[in-house]
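For reference, the structure discussed in these notes is given below.
FYI, side chains are in, hydrogens and waters are out, and symmetry mates aren't considered; it's all heavy atoms of this structure.
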Amino acid sequence: MSYFSLLLLLLFSFSFSFLPPATHALTLPSDVSALQSFKASIKPSSVSPWSCLAFWNFSTDPCSLPRRDHFTCGLSCSADSTRVISITLDPAGYAGALSPAISKLTQLTVLDLSDNFFSGHLPTAISSLSNLQILTLRSNSFSGPLPQAIAAMKSLQSLDISHNFLSGSLPKTLTSLPNLRRLDLSYNRITGSLPKLPSSLSELALRSNSLSGYLLKSCFDGLTRVEVVELSANAFTGTLQSWFFLLPALQQVNLANNSFTGLEISKPAASDLVAVDLGFNRMKGYVPANFSAFPLLSSLSLRYNQFHGPIPAEYSKKESIKRLFLDGNFLNGKAPAGFFSGWSGLSGSLGDNCLQGCPASSELCLPSQKPSSVCRQAYGGKSKVIVSHS
C-alpha cells in the first residue's frame with residue numbers, strides 16, 4: 001500500500017472516531033417526557049404486541065437513528081432528530097384519554113389518532129400546539145364540547161373529529177382559524193346554530209348532528225373558496241336563498257334530511273356547481289327551473305319534499321344532468337317527453353308523484369304514481385296543470 005493510500009485510510013478512520021454513537025440522546029427532553037405521558041394515558045391492555053405503541057421503548061432515544069427495534073412506527077422527527085413533528089398511530093384499538101402533556105410537543109405538525117377508542121374530553125391544552133397543521137381524531141369516543149381555545153391553533157389546516165360523541169355548540173372562535181381548509185365534525189351530537197365560518201374553508205362537513213336554525217349569509221361571508229358543503233341529517237329550517245348556490249367555488253351541496261321549507265334559485269353568471277342533494281326536507285312551491293342554468297350540474301335530488309306543479313321542461317333539455325331524483329313530491333302534468341326520447345345516460349326517479357303519461361316501461365317512472373285521490377286532495381280537488389316558476 002502506498003504512503004498516500006495509507007494516509008487517506010488513517011484520516012478516514014480518525015474522522016469517524018468523533019461521530020456520536022447511534023444511541024446518543026438527541027430528542028429534546030420535554031418531547032420525551034410528553035411522549036411518555038402520552039403513552040402512559042393509554043390503557044396497557046389496549047396496546048397489542050404488534051402495535052406501534054408496543055415498540056415505544058424509552059430505554060432508547062425516540063428520534064435517534066436507525067430505528068431497528070424501538071419507535072419503528074407512529075412518530076416522525078425533525079431532520080436534526082431533536083424534535084417530534086408527527087404522531088400518526090395505527091388503528092390498533094388503543095383506548096384511554098388524550099394526555100394534556102401532548103401540548104409540550106410544540107413542533108408537532110400532525111396528530112392522527114383515528115380509528116381507535118380514545119375517550120374523554122379534548123384537553124384545552126391542545127390549543128398550545130401552534131404549529132399543528134393536521135388534527136385527525138376521527139372514529140374514536142371523544143365527548144364534550146370542542147374547546148373555545150382551539151382558535152389559538154393558527155396553523156391548523158385540517159380538523160377532522162368526525163364519528164365521535166362531541167356535544168355542545170360550535171365555538172364562535174372558529175372564524176379565527178385563518179388557514180383552516182377542511183372541517184369535518186360529522187356524526188357527533190353538536191347542537192345550536194351555525195357560527196360564522198373561516199373564510200379559508202374549502203370543505204365543510206357537519207353531517208348527522210343536531211344543528212338547527214337558518215343558514216345565514218353572514219355565516220358564509222367571505223367563503224370564496226368553499227367547494228363542498230355537507231350539512232345533511234340536521235335540523236336546519238327556513239328558506240334556502242339564492243345567494244347560497246352562488247358561492248363562487250361551490251361544487252357539491254348536500255342538505256338532505258333537514259327541515260327546510262322553501263327554495264330560491266337564481267341564474268348564475270358562472271358556476272362550478274356539479275351536485276345538489278336537497279331531498280327529504282319540507283320544501284313547498286314549484287320545482288325551480290333555474291337549476292337548469294347551472295352549466296355543470298350533473299346530479300340533482302329534490303326527492304321527498306312537497307313540491308307541486310309540473311316538471312320544468314328545461315330539465316329534459318339539459319344534457320349535463322345524469323342523475324335526477326324528483327320522486328316523492330306532488331308534481332303533476334305530463335312528464336317531459338325529452339326524458340324518454342332516447343336520451344341515454346339519465347338515472348333517477350320521477351315516481352311517487354301525480355304525473356300523467358309517465359311510461360311504466362321506464363325505470364324513471366318507478367315507483368308508481370300516487371293514487372288519484374291523494375293527488376286531488378293535494379290540489380284541493382283540482383287536477384289542472386300549474387305553470388312552473390323559477
Side-chain angles (χ1 to χ4, degrees), residues 88-89 91 98 110-122 126 132-148 150-151 153 156-175 177 179-216 219-220 223 225-237 240 244 247 249-260 273-281 299 301 303:
T88 304
L89 291 188
L98 177 57
V110 177
L111 178 59
D112 185 345
L113 311 180
S114 56
D115 300 297
N116 282 290
F117 295 100
F118 285 92
S119 58
H121 287 205
L122 295 175
I126 201 172
L132 196 69
Q133 297 175 16
I134 299 174
L135 177 57
T136 305
L137 306 177
R138 179 186 62 248
S139 296
N140 279 282
S141 297
F142 288 109
S143 57
L146 192 64
Q148 293 276 349
I150 199 169
M153 303 172 76
L156 201 61
Q157 298 176 13
S158 175
L159 176 60
D160 185 347
I161 318 181
S162 59
H163 296 270
N164 278 276
F165 299 98
L166 298 182
S167 58
S169 58
L170 292 171
K172 293 181 179 180
T173 53
L174 277 177
T175 190
L177 297 173
N179 294 299
L180 190 65
R181 298 189 185 118
R182 180 173 181 267
L183 175 63
D184 192 347
L185 302 176
S186 301
Y187 297 97
N188 279 285
R189 299 171 177 175
I190 299 170
T191 56
S193 58
L194 204 62
K196 182 168 174 51
L197 298 164
S199 60
S200 53
L201 274 184
S202 62
E203 180 180 344
L204 173 66
L206 298 170
R207 179 188 180 104
S208 292
N209 280 282
S210 297
L211 293 162
S212 58
Y214 301 145
L215 286 194
L216 300 176
C219 298
F220 289 82
L223 267 72
R225 305 178 209 171
V226 67
E227 298 175 355
V228 178
V229 176
E230 164 60 276
L231 300 177
S232 63
N234 280 283
F236 290 110
T237 57
L240 275 172
F244 177 80
L247 290 169
L250 195 61
Q251 296 179 20
Q252 299 178 46
V253 173
N254 190 350
L255 302 177
N257 290 284
N258 278 282
S259 297
F260 292 110
L273 193 62
V274 173
V276 175
D277 189 347
L278 305 178
F280 298 94
N281 277 279
S299 178
S301 175
R303 65 193 322 193

- Message: Testing the basics here: between Asn179 and Ser200, what is the closest heavy-atom pair and its distance to 0.1 Å?
- Response: C-OG, 3.6 Å
- Query: How long is the span from the CG atom in Leu197 to the OG1 atom in Thr175, to the nearest 0.5 Å?
  - Reply: 7.5 Å
- Message: For the CZ atom on Phe117, are there more than 12 heavy atoms of other groups (residues, nucleotides or ligands in this structure) within a distance under 6.0 Å?
- Response: no
- Step by step, would you call Glu230 with Asn254 a side-chain hydrogen bond (donor to acceptor under 3.5 Å, both in side chains)? CA-CA 5 Å; Glu230 164 60 276; Asn254 190 350; 3.2 Å; yes
- Note on the structure: Taken to the nearest 0.5 Å, the spacing of Leu201 CG from Leu177 CG works out to 9.0 Å
- Note on the structure: Heavy-atom nearest pair, Pro171 first then Pro195, reads O-CG, 4.0 Å
- Task: Check Phe260 against Asn281 and note the closest heavy-atom contact, atom names and distance.
- Result: N-OD1, 3.1 Å
- Backbone of Asp115 reached by a side-chain donor or acceptor of Ser139 within 3.5 Å: no
- So Leu98 and Asn140, side chain to side chain contact (heavy atoms under 4.5 Å, CB included) or not? Walk me through it. CA-CA 11 Å; Leu98 177 57; Asn140 279 282; over 6 Å; no
- Backbone of Leu166 reached by a side-chain donor or acceptor of Asn164 within 3.5 Å: no
- Message: Show, in sequence, the C-alpha distance, side-chain angles and deciding distance for Ser162 and Arg138, and conclude whether the side-chain hydrogen bond (donor to acceptor under 3.5 Å, both in side chains) test is met.
- Response: CA-CA 5 Å; Ser162 59; Arg138 179 186 62 248; 5.2 Å; no
- Are the side chain of Ser202 and the backbone N or O of Arg181 linked by a donor-acceptor pair below 3.5 Å? yes
- Are any non-hydrogen side-chain atoms of Leu122 and Ile150 less than 4.5 angstrom apart? no
- Item | Taking every non-hydrogen atom, the tightest pair across Val253 and Leu273 | CG2-CD1, 4.0 Å
- Query: How close do Cys219 and Leu194 get, heavy atom to heavy atom, and via which atoms?
  - Reply: SG-O, 3.1 Å
- Task: Check step by step if side chain to side chain contact (heavy atoms under 4.5 Å, CB included) holds for Thr237 and Tyr214.
- Result: CA-CA 5 Å; Thr237 57; Tyr214 301 145; 3.5 Å; yes
- Quick one: pull up CG in Leu174 and CG in Leu185 and give me the separation to the nearest 0.5 Å. 7.5 Å
- Message: Pair Leu215, Leu231 - check side chain to side chain contact (heavy atoms under 4.5 Å, CB included), show working.
- Response: CA-CA 10 Å; Leu215 286 194; Leu231 300 177; 3.9 Å; yes
- Stepwise side chain to side chain contact (heavy atoms under 4.5 Å, CB included) test for Leu206 and Leu170: CA-CA 10 Å; Leu206 298 170; Leu170 292 171; 4.0 Å; yes
- Message: Please check: side-chain N/O of Asn258 versus main-chain N/O of Phe236, any donor-acceptor pairing under 3.5 Å?
- Response: yes
- Task: Using a cut-off of 6.0 Å, state whether more than 12 heavy atoms not belonging to Arg182 lie near its atom CZ.
- Result: yes
- Backbone of Ile161 reached by a side-chain donor or acceptor of Asn188 within 3.5 Å: yes
- Roughly how far, to the nearest 0.5 Å, is OG of Ser167 from CG of Leu146? 10.5 Å
- Hey, what do you get for OG (Ser301) to CG (Leu278), rounding to the nearest 0.5 Å? 7.5 Å
- Note on the structure: Which of Ile134, Leu183, Leu180 passes side chain to side chain contact (heavy atoms under 4.5 Å, CB included) with Leu156? Answer is Leu180
- Message: Return the CD to OG1 distance between Gln148 and Thr173, rounded to the nearest 0.5 Å.
- Response: 4.5 Å
- Looking only at heavy atoms, the pair that brings Met153 and Leu132 closest together is CE-CD2, 3.5 Å
- Message: Below 30° counts as parallel, above 60° as perpendicular, anything between as tilted: where do the rings of Tyr187 and His163 land?
- Response: parallel
